[in-house]
Amino acid sequence: MSQPDPYQPDPGIGRSERGVVLAYMATSGAVLLLMMVLGLIMRLDQGELLGMAPDWFYRVLTLHGTGMVGIAGLAGAGIMWYFLRQYVGLSLAVAWANLALFLAGVILIITGIALGGYAGAWTFLYPLPANPMGMWDTGGAASFLVGLLIIGVGFLLLHLDCARAIIARYGSLGRALGWPQLFGRNDGKAPDAAVVASTMVLIVNTLGLVSGAAIVVMSLINLYFPAFQVDPLLAKNLIYFFGHVFINATIYMAVIAVYHLLPRYTGRPWPSSNKAFLGAWTASTVMVIIVYPHHLLMDFVQPQWMLVMGQIISYTSGLPVLAVTAYGAIVNLHRAPIRWDLASALLVLSAFGWAAGIIPAMVDATIVVNQVMHNTLWVPGHFHFYLLLGTIAMALGFMAWMVRTYGGARESGLDQLSFWVYAVGGVGFVGMFLIGGREGTPRRFAEHLSGWIPYDRWASLFAALVIAATAVFVVRFFAGLRRAALTEA
Amino acid sequence: MKPRAGWLVAGLGGWGLLALPPARAVLEASLPGHMVGQIGLLVAAGWLLGRSWGPVTPGELGGWNRYGATGLVVAIFTLAFWILPLSLDTALQDPAWETAKFLAVPLLAGLPLCRSWSRLPGLARALLWAHLIPMLAVMGWIYHEAPVRLCNAYLLDQQALLAWTLWGIAAAITAFWTIRAFLGQAPLRKTIYLGERP
Ligand code: HEM
Ligand SMILES: [Cu+2]
């Protein structure tokens, strides 16, 4: 069989469209590396290989968490934009505005953390920002919160623009999700996978961002007027609804790269106009929204039916899309004449990382397990699994594909080595989190007991490997960036 | 009657009706009635007046209302001022304030909104709707949690009632747009972009 050439430019993408996508990916790549180094610093500190003042640990933790969640969103948005733009008339100005607001927000967030001392984590759980017990000043917390708000406005703009463009072309969100084909006779003309996924994401993220904006503004008012109190349970519900939805949406955006690029390596199409695929995306749209109470399993005052729902839906929430993606990937790959290179390997790794990472997540979403594992390192274990080996692998794969398609980057001898270093280092790194959690190590602790320290040290080693590999990917991306941005193609 | 004259009559009529003592008494009896009901209806009256001005055109006002931005800002500041508890309170005590309110809200909020809303880019309108939802929720929360009575004329229970009114409106807007986004835009197009086309 003849080998397909996966590096064909997309005709629907002009130079200016490519430019904004590359800017998203470049920002994400650069920040990713920096944040990884901060992560390593935390691991080294916990392993007592590095002495950091505890207040700085929490600042670094806050910056790492916020920064990573932010760039996961940004990278996902870049991927989504690239593919969705080929079907609907997205606005370039809005895409740039989102990036500008993102950077403005980042500056405020860094100011709040570095100068204001804010160290209340990216979840800004009420009433923590207003009760720092001398660790940070009100201005620092406010700067952080305003930064979040600005970034949220940017993403809201982007998703509203997607909604506008999608509705203009397909008439309604229901049709963009392929409901006529799902619930009626399937004429095989459902919208493309990129449209379905973007529609799902815009629905859940708009709701999430609207809730997030409400609680951020309430927290800001409470900072300066403590007499205005928020019901803490309500605050926690709003925050985790927003946080859960936003971080989940990053995967649902990034996975579009798998749907669109993997088939170009295998030469087989990715069938998306079928009831299983469309049904999975519709089911996940609903479930991503109602599953968030799994973050509140410890809150006995939360209505019990919500907790039960949180547990049950946790088993099923990620599953539909995950199943069609993993199954689709296997079908696509099975005995296909695939061309293995950096991009295709990262994309396949990402499907695996996502699938495997969901398993410890579901374990923890079981109430009896959560009573033990809640707030142990098990939690960062599962989310680093599907973020590092899922979302970020998708983003890195897409970036490698971009600079090769448009920037003329060639395969290099380092590719294979760095891919394996990333995969092995990544699995080892999350493995140490999971083992630490099993041993009962609490998460978000600057100081660890001596029994936990060996895992911290192994984790540091693995993290260093991940960083080395990521540095290779990111440097290679930047090396091809100029040409990729300027070429006519 | 020409359509323009119809709008004018409707606007002036509504405005006049709202100014009648019984209507004022009913609406101003409660905080939600005053802040949401009366102010909302005064905005609507101003909007109808704006319709009588004829179709919204890009060049109108000598380019001073490009994209409707000027009108929107004027309207927002006017409303922000008149929904303050202090303004509502004073209007009840001082006839001059009451008159000012009856002039300002239709003429500086309703009318400019009518001439500007349809000129705003679609995305700006969407963003305003999307921001209105959390901000109504937050405003409701402020009234609900306020540790003190904010008005002389209205008791604490009125603040709670207002909170629920605002939350109800936020919920209604959310439901409306969700349903509309899923059903498509064709059926409701006319009512939404009132004033968009001649
Ligand atoms: C080399 C790669 C990375 C290293 C070394 C690293 C390290 C760490 C460490 C040590 C923690 C604190 C764990 C604790 O609670 O004790 C942490 C938390 C976290 N990391 Fe990473 N990480 C890496 C990659 C990522 C990636 C790729 C993402 C997301 C895209 C991410 C998102 C987060 C988040 C959201 C938290 C939680 C912060 C909090 O508890 O508030 N990390 N990471
Ligand atoms: Cu969650």
Side-chain angles (χ1 to χ4, degrees), chain A residues 90-91 93-94 97-98 149 152-177 179-180 199 202-203 205-222 225-231 234-235 238 242 282 285 289, chain B residues 67 69 80 84-85 118 120-150 156 159-160 162-164 166-189 192-193 196:
Chain A
L90 296 174
S91 148
V94 168
N98 179 34
L149 197 61
V153 171
F155 274 96
L156 191 59
L157 261 176
L158 187 79
H159 290 305
L160 289 173
D161 188 48
C162 294
R164 176 196 59 72
I166 287 175
I167 291 179
R169 158 113 198 240
Y170 297 96
S172 75
L173 298 184
R175 262 180 252 146
L177 284 171
W179 283 358
T199 306
L202 85 86
I203 293 168
N205 246 4
T206 304
L207 292 174
L209 289 165
V210 163
S211 318
I215 184 59
V216 168
V217 173
M218 281 151 81
S219 301
L220 275 167
I221 294 174
N222 172 264
F225 305 98
F228 287 85
Q229 293 183 345
V230 191
D231 175 348
L234 173 71
L238 286 171
F242 151 72
T282 291
T285 308
I289 293 173
Chain B
Y67 301 115
L84 288 177
S118 56
L120 290 172
L123 193 65
R125 282 185 300 211
L127 193 69
L128 285 167
W129 279 116
H131 256 162
L132 190 61
I133 296 166
M135 290 312 117
L136 284 172
V138 170
M139 209 149 71
W141 164 76
I142 289 180
Y143 277 96
H144 200 263
E145 292 304 311
V148 290
R149 220 175 101 188
L150 299 169
L156 264 181
Q159 290 175 201
L162 177 61
W164 283 101
L166 296 175
W167 290 336
I169 297 173
I173 296 176
T174 313
F176 174 79
W177 281 110
T178 310
I179 293 170
R180 217 175 92 97
F182 275 99
L183 294 188
Q185 48 185 340
L188 283 165
R189 193 168 176 98
I192 291 307
Y193 297 125
E196 184 174 51

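Letters A, B, ... mirror the listed sequences (proteins, then strands); counts begin at 1. Keep in mind that what you see is a predicted model, and the values were worked out from it rather than measured.
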Most contacts with chain A, counted as non-hydrogen pairs under 4.5 angstrom, among B/Ala146, B/Ala137, B/Ala181:
B/Ala181
For each of A/Trp179, A/Tyr170, A/Phe225, A/Phe228, tally heavy-atom pairs with chain B at distances under 4.5 Å, and name the one with the top tally.
A/Phe228
Under 4.5 Å to a heavy atom of chain A? For B/Ile142 that would be both
Turns out that what part of A/Ile215 lies under 4.5 Å from chain B's heavy atoms comes down to neither
Need one label for A/Val230: side chain, backbone, both or neither, based on atoms under 4.5 Å from any heavy atom in chain B.
both
Heavy-atom side-chain contact between [X] and [Y] under 4.5 Å:
X: A/Ser172; Y: B/Leu183; value: no
X: A/Val94; Y: A/Leu160; value: no
X: A/Val153; Y: A/Asn98; value: no
X: B/Ile173; Y: B/Leu136; value: yes
X: A/Leu177; Y: A/Ile203; value: yes

